[in-house]
Amino acid sequence: MYGILLESIVTFIKKVYSEEKWELIRKSARVDQENFSAHQVYAETIIPRIVDACNKHLGLPKEDILISFGKTYVDFISHYGYDKILKVVGRNFRDFLNGLDNIHEYLRFSYPKLKPPSFFCEQESRQGLVLHYRSRRRYDGFTYYVMGIVKSVGRTFYKQDISVSIIKQETTGNMVHVTYQLSFDNSAYFAEEAKTENTQNLPLRMDVFYDLFPFHILFDREMIIRSIGKSLRATVDEICGYDVTQVFSLKKPLVDFSWDAVIGRTNTMFELATIDPIRGREETGEEDESYTWTDTNGKKRTSVVSISQDDDSGTFLRLKGQMLYVREWESILFLGTAVLQDLDALSQTGLYLNDLSMHDNSRDLVLAGAQQGVEMKLILKQEQSRTKQLDDTLRQLESERHRSKELMYKMLPKPLANALMARSENKDVELTPNDVVDLAQQATLFVCAVQLVDLGQQAADSPQSDNLQQLIQLQRQMEMFAERFGYYKIETSRNHFMAASGIPTGTEVTEENACFLAKKVYRFAAGLSRLRVSMAVCTGPTVYAVIGSRFPRLCLFGQTVATATQMIELCKPTENQPQILVSESTRAKLPKDSGHKFTAGPPVSGKDKDIKTYVLQQ
């Protein structure tokens, strides 16, 4: 399946339900791609997984989801200019339905790996018709997807409300066959039936008829070939008197190649291909699909539908045209023309330009194809190159987004980072002070101060890189220990570090975690000969704010922060012996059986009274 189908679905979900919903659906559907390329082929299972995820997260029935996908597809392809094609397919809706196979044949030039479905109509009346849909896609969901497309085309281009219902759905081999009942104002069919015919005999010599239709095939009710055109006779052996189903395979429409199937679809475009190669079959690695059935006379017949995409190579002769029932002959006349892409295909089938009709543009198309084929290949190659560049750019953009998120998570606590990124992606919503400023009723702060050891002349002679190396080691360990015990590290200056919990929301992290964190840092800092470390733990209400737009950072304010700062200043660490001060509010919240030992520490001056501190013993 080509990415243009998936691209329309992604655009619809983002537009109607938001990008956040699409991300949720994408992850639930196990879709790795953030975006899809229109000309790239993807797995057939992606759409079923997306539909299941939409059903789960949007709460809508799968049938309604698929119908919506089909409706939006018609609007989406207008961005690629395909609406101009849809507008000129038919004068009325019935003509559009009969020309659906021609549209897919045209699209194969832009999408060479396309395996199009087949459509044909029958049982027409003034109130509507019966539409048959056959496809090799066995996913049942495309049944409703087609319904959405049909409804949207009728409303958009023909201003009609189309009522669609499913009559029957069956699977044969790897082919799905769905029969729809379409109800609409089909007055165009009545106008066609009302046309009068001139029954006056106009004799026509057979040689003139052969010149007009050099690729015609005439066969009777027994499917026996009675006559073929002169150009067709030049490419195949004498086939008159043979069963037409044993000489030609019916490629379109995807129906049984029988008298009853053909006679009921004379308003449908037919495409035939020779079963035996004209110049020897090339090895394609694929086998044709054969359909065997029994006709009304009890005779078994076989139709072969080639699934190879290399039939255009010229090895097989393809004919496209119309089936007409000739009442006087009790036969069906196939008025076809050869499908030839370029001069190479012409020579490979053993044909020449004078074998083609003069009254139509067959010759002009072959000559123009030789010139435009190179140009089309160049344009397609350029388009594929641009598509690849776009895919690479989108992947780089997604990588940068991922890096930005990771950087934001390092700069801010994850809940705050998610809130700010969600706000920034919504261009219509401006950030307010309340989005980045709030009060944490009960936050626990862990402050660590680092000082260089004054070793006199030895320190002066020693390279500064040793000091920086130990400082970097301490910082890395500090980050690792803080994350392990549920704290978020904040760097306040070159030699001061702070870690906080309970910001922006309350957590289950207790004051005991802060004591364990302090002891971990204590043991690591004891091995650093060039640094002296002092630590303080304080608990209380704290005001936090995100400051800066280009480089946001979390800042803490309030009496609790001031108390922790004063405690650090009172610490008196000795060489290789860090000191840990704990505030009275922190010790009061520790469990009685915590096992931590304390001694009295220096008091901290407060507004109303001095605050007691305690030295945490190792």
Side-chain angles (χ1 to χ4, degrees), residues 4-5 7-9 11-12 15-16 63-111 114 116-135 141-169 177-195 252-255 264-270 320 322:
I4 190 171
L5 297 175
E7 193 178 0
S8 68
I9 291 175
T11 303
F12 170 75
K15 181 179 180 181
V16 177
E63 293 80 6
D64 295 345
I65 295 171
L66 284 158
I67 291 175
S68 299
F69 287 170
K71 289 181 177 179
T72 192
Y73 178 72
V74 177
D75 297 331
F76 178 78
I77 60 177
S78 299
H79 301 297
Y80 289 88
Y82 294 130
D83 57 326
K84 299 178 182 178
I85 303 172
L86 298 179
K87 290 178 181 178
V88 298
V89 171
R91 188 179 302 276
N92 45 64
F93 189 58
R94 69 182 292 267
D95 294 337
F96 172 85
L97 295 175
N98 288 316
L100 279 174
D101 283 1
N102 287 331
I103 297 177
H104 287 99
E105 189 66 23
Y106 165 80
L107 291 176
R108 287 184 62 183
F109 289 100
S110 300
Y111 305 92
L114 180 68
S118 177
F119 296 87
F120 59 88
C121 305
E122 65 179 8
Q123 300 180 23
E124 287 195 60
S125 65
R126 295 195 62 173
Q127 289 74 35
L129 52 81
V130 172
L131 177 66
H132 291 263
Y133 160 71
R134 289 196 177 190
S135 173
F142 284 105
T143 300
Y144 297 93
Y145 189 87
V146 171
M147 291 174 62
I149 292 179
V150 170
K151 288 174 175 286
S152 181
V153 168
R155 166 54 56 188
T156 304
F157 299 107
Y158 299 99
K159 310 303 179 186
Q160 291 196 51
D161 291 325
I162 311 300
S163 175
V164 185
S165 60
I166 301 175
I167 300 177
K168 183 175 63 173
Q169 179 173 344
H177 180 196
V178 184
T179 306
Y180 299 98
Q181 176 65 56
L182 274 60
S183 300
F184 61 96
D185 181 10
N186 194 19
S187 55
Y189 173 73
F190 179 77
E192 188 76 16
E193 290 290 318
K195 290 182 179 179
K252 291 182 181 179
L254 298 179
V255 297
R265 299 172 179 87
T266 55
N267 60 345
T268 303
M269 188 275 295
F270 282 78
K320 182 187 295 185
Q322 183 182 8

- Query: At what distance, to the nearest 0.5 angstrom, does OG of S187 lie from CZ of F93?
  - Reply: 13.0 Å

- Message: Before you tell me yes or no, could you show the steps for I166 and Y180 under side-chain contact (heavy atoms from CB on, under 4.5 Å), namely the whole-Å CA-CA distance, both residues' side-chain angles and the distance that decides it to 0.1 Å?
- Response: CA-CA 5 Å; I166 301 175; Y180 299 98; 4.1 Å; yes

- Query: Closest heavy-atom contact between V130 and Q181?
  - Reply: CG2-OE1, 3.4 Å

- Find the distance between OH (Y133) and CD (Q169) and round it off to the nearest 0.5 Å. 9.0 Å

- pair L86-F96: side-chain heavy atoms closer than 4.5 Å: yes

- Sequence neighbours left out, what passes ring-ring contact (aromatic ring centres under 6.0 Å, His included) with F157? Give chain and number order. none

- Quick one: CD1 on I149 to CG on L100, what's the gap to the nearest 0.5 Å? 9.0 Å

- Message: Tell me whether Q127 contacts the main-chain N or O of N186 through its side chain, where contact means a donor paired with an acceptor under 3.5 Å.
- Response: no

- Item | side-chain hydrogen bond (donor to acceptor under 3.5 Å, both in side chains): pairs with one or both residues in residues 65-75, sequence neighbours excluded | none

- Message: To the closest 0.5 Å, what do you measure between NZ (K151) and OG1 (T156)?
- Response: 12.5 Å

- Item | Steps toward side-chain contact (heavy atoms from CB on, under 4.5 Å) verdict (L97, F119) | CA-CA 7 Å; L97 295 175; F119 296 87; over 6 Å; no

- Which residues satisfy the side chain to side chain donor-acceptor pair (under 3.5 Å) test with E122, sequence neighbours excluded? H132, R265

- Query: Which pair of heavy atoms, one from P253 and one from S118, lies closest together, and at what distance?
  - Reply: CA-OG, 3.1 Å

- Note on the structure: Sequence neighbours excluded, the answer for side chain to side chain contact (heavy atoms under 4.5 Å, CB included) partners of Q322 is L324

- Among all residues two or more places apart in sequence or in another chain, which pass the side chain to side chain contact (heavy atoms under 4.5 Å, CB included) test with V16? F12

- Which heavy atom in E124 sits nearest to a heavy atom in N98, and how many Å separate them? OE2-ND2, 4.3 Å

- Query: Going through the checks in order, is the side-chain contact (heavy atoms from CB on, under 4.5 Å) test met by L129 and F184?
  - Reply: CA-CA 8 Å; L129 52 81; F184 61 96; 3.9 Å; yes

- Message: To the nearest 0.5 Å, what is the distance between CD1 on I167 and CD on Q123?
- Response: 7.0 Å

- Note on the structure: Sorted by chain and number, sequence neighbours left out, side chain to side chain donor-acceptor pair (under 3.5 Å) with S152 holds for none

- Nearest non-hydrogen partners of Q160 and D185, listed with the distance: OE1-N, 3.2 Å

- Residues that K15 engages under side chain to side chain contact (heavy atoms under 4.5 Å, CB included), provided they are two or more places apart: none

- Separation of S78 OG from K84 NZ (nearest 0.5 Å): 10.5 Å

- Task: Could you pull out the closest heavy-atom pair between F76 and I4, with the gap in Å?
- Result: CE2-O, 3.8 Å

- Which residues share a side chain to side chain contact (heavy atoms under 4.5 Å, CB included) with S163, sequence neighbours left out: S183

- Query: For I65, does its backbone N or O pair with a side-chain atom of Y144 as donor and acceptor, under 3.5 Å?
  - Reply: no

- For E63, check salt bridge (Lys or Arg N to Asp or Glu O under 4.0 Å) against everything at least two apart and list the hits. none

- Task: Report the residues that fulfil side chain to side chain donor-acceptor pair (under 3.5 Å) with D95, sequence neighbours left out, ordered by chain and then residue number.
- Result: N92

